[in-house]
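Below is one structure, written out as structure tokens; the observations come after it.
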There are 2 protein chains.
Amino acid sequence: MEFDKSRPIYLQIKREVKERIVRGEIKEEVPTVRSLAMELGVNPNTVAKAYREMEREDIIGSWVGRGTWVKDGARERLCPDMIKEIVDEFIHRLVSLGLSLDEIKKLVEGVND
Amino acid sequence: MEFDKSRPIYLQIKREVKERIVRGEIKEEVPTVRSLAMELGVNPNTVAKAYREMEREDIIGSWVGRGTWVKDGARERLCPDMIKEIVDEFIHRLVSLGLSLDEIKKLVEGVND
DNA sequence: TCCATTGTATTTAAATTATAATACAATCCT
DNA sequence: AGGATTGTATTATAATTTAAATACAATGGA
């Protein structure tokens, strides 16, 4: 995973972990703060900050000495929420360029690859 | 225009100005550094930084005492470039959630409002 | 019980971003 | 000619983000 320099790393880590949960790569046990920090090449504090926010969002739960775990039903809540957020932002950005909803639909229909 | 606190303001200003160019709201004359800073409620230095980068991208040209102007053909170059960037990121993000291209197309087809 | 692993917290430092206050040279308009 | 406006540059300051190095208490396994 590579980072976009224009946005805080901890936000990108949040997105990455959520994506892994939605994809089913993370089912119950979330990587430890230290192991994910090592894997991503960042400071454990940065991962801890991402986890702290996701805990407040009721996506994961952390316990000292045990680790971090996906909360019950988190994947089912996360999936439609994230899709809606992505689609909404996509539509909004193209509308900001002056495109209509019909034009946007035709644009996506024509995508190949 | 309101700012997203999670990203540098000067980058959001770049996007805003580019959108205005594509929408045709800015045709030739770009707002002065000071007037846009006043309009957006930010420091002139922040606008100047955005303009400086757009000048390096050959989108605008600035002259002391005269102002800032859209470069010839900038709108025609900007329009397809920005659309492609937005669509590509959109597809990429949904693929990162595990969706296929077909699923994405059906998703967009079903959008209302 | 002992020890490694866990999340959490603290402190210090560096880099980036944004603001603020000027100053300056070039240009334009009257 | 002269004054206002322009982009640009400089310096200083503050806030945010990230890194780094620790330390600590709780947990679990040998």
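None of the values given here were measured: they were computed from a predicted structure. Protein chains get the first letters and strands the later ones, always in sequence-line order, with residue 1 at the start of each.
Of the candidate nucleotides dT18(D), dA20(D), dT19(C), dT19(C) has the atom lying nearest to any side-chain atom of Thr46(B). Here the nucleotide nearest the side chain of Arg66(A), chosen from dG28(D), dA19(D), dT19(C), is dG28(D). For Asn45(A), counting side-chain heavy atoms from C-beta on, the closest listed nucleotide (dA9(C), dG7(D), dA18(C)) is dA9(C). Listed nucleotides: dA19(D), dA18(C), dA26(C). Nearest to the side chain of Val42(A): dA19(D). Checking dG7(D), dT19(C), dT17(C) against every side-chain atom of Val64(B), the shortest atom distance belongs to dG7(D). Closest to the side chain of Ser62(A), from the set dT10(C), dG28(D), dT8(C), is dT8(C).
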Q: List the steps, then state whether side-chain contact (heavy atoms from CB on, under 4.5 Å) holds for Lys14(B) with Glu57(B).
A: CA-CA 11 Å; Lys14(B) 279 180 62 178; Glu57(B) 295 170 13; 2.7 Å; yes

Q: Please report the C-alpha distance between Met82(B) and Val22(B) in whole Å, then the side-chain angles of each, then the deciding distance to 0.1 Å, and finally whether the side-chain contact (heavy atoms from CB on, under 4.5 Å) criterion is met.
A: CA-CA 9 Å; Met82(B) 291 183 74; Val22(B) 169; 4.0 Å; yes

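Per the geometry, OH belonging to Tyr51(A) stands 7 Å off P belonging to dG7(C), to the nearest Å. As rounded to whole Å, 12 Å separates atom P of dT18(D) from atom NZ of Lys14(A). If you measure from atom NZ of Lys5(B) to atom C1' of dT17(D), you get 14 Å, rounded to the nearest angstrom. Between the C1' atom of dG7(D) and the CZ atom of Arg56(B) lies a distance of 15 Å, rounded to the nearest Å. The CZ atom of Arg7(A) sits 19 Å away from the C1' atom of dA15(C) (whole-angstrom rounding). Lys49(B) places its NZ atom 18 Å from the P atom of dG7(D), with the value rounded to the nearest Å. The CE-C1' distance, from Met38(B) to dA20(C), rounds to 14 Å in whole Å. Here dG7(D) presents its P atom at 12 Å from CE of Met54(B), a figure rounded to the nearest Å.
The residue from Val111(B), Val108(B), Leu101(B) that alone fulfils the side chain to side chain contact (heavy atoms under 4.5 Å, CB included) condition with Val108(A) is Val108(B). Applying the side chain to side chain contact (heavy atoms under 4.5 Å, CB included) test between Ile26(A) and each of Lys18(A), Glu19(A), Arg75(A), Arg20(A) identifies Arg20(A) as the sole match.
Lys71(A) and Glu55(A) are not joined by a salt bridge, as no carboxylate oxygen comes within less than 4.0 angstrom of a charged side-chain nitrogen.
Mapped onto DNA chain D by nearest heavy atom, Arg34(A) and Tyr10(A) fall at different nucleotides, with Tyr10(A) at the one closer to the 5' end. Between Thr32(B) and Leu11(A), the residue anchored nearer the 5' end of DNA chain D, judged by the nucleotide with its closest heavy atom, is Thr32(B).
Counting atom types as modelled, Asn43(B) pairs no side-chain N or O with a base atom of dA18(C) as donor and acceptor under 3.5 Å.
Applying the 4.0 Å criterion to OP1 and OP2 of dG7(D), one finds that Thr68(B) has a side-chain N or O inside that range.
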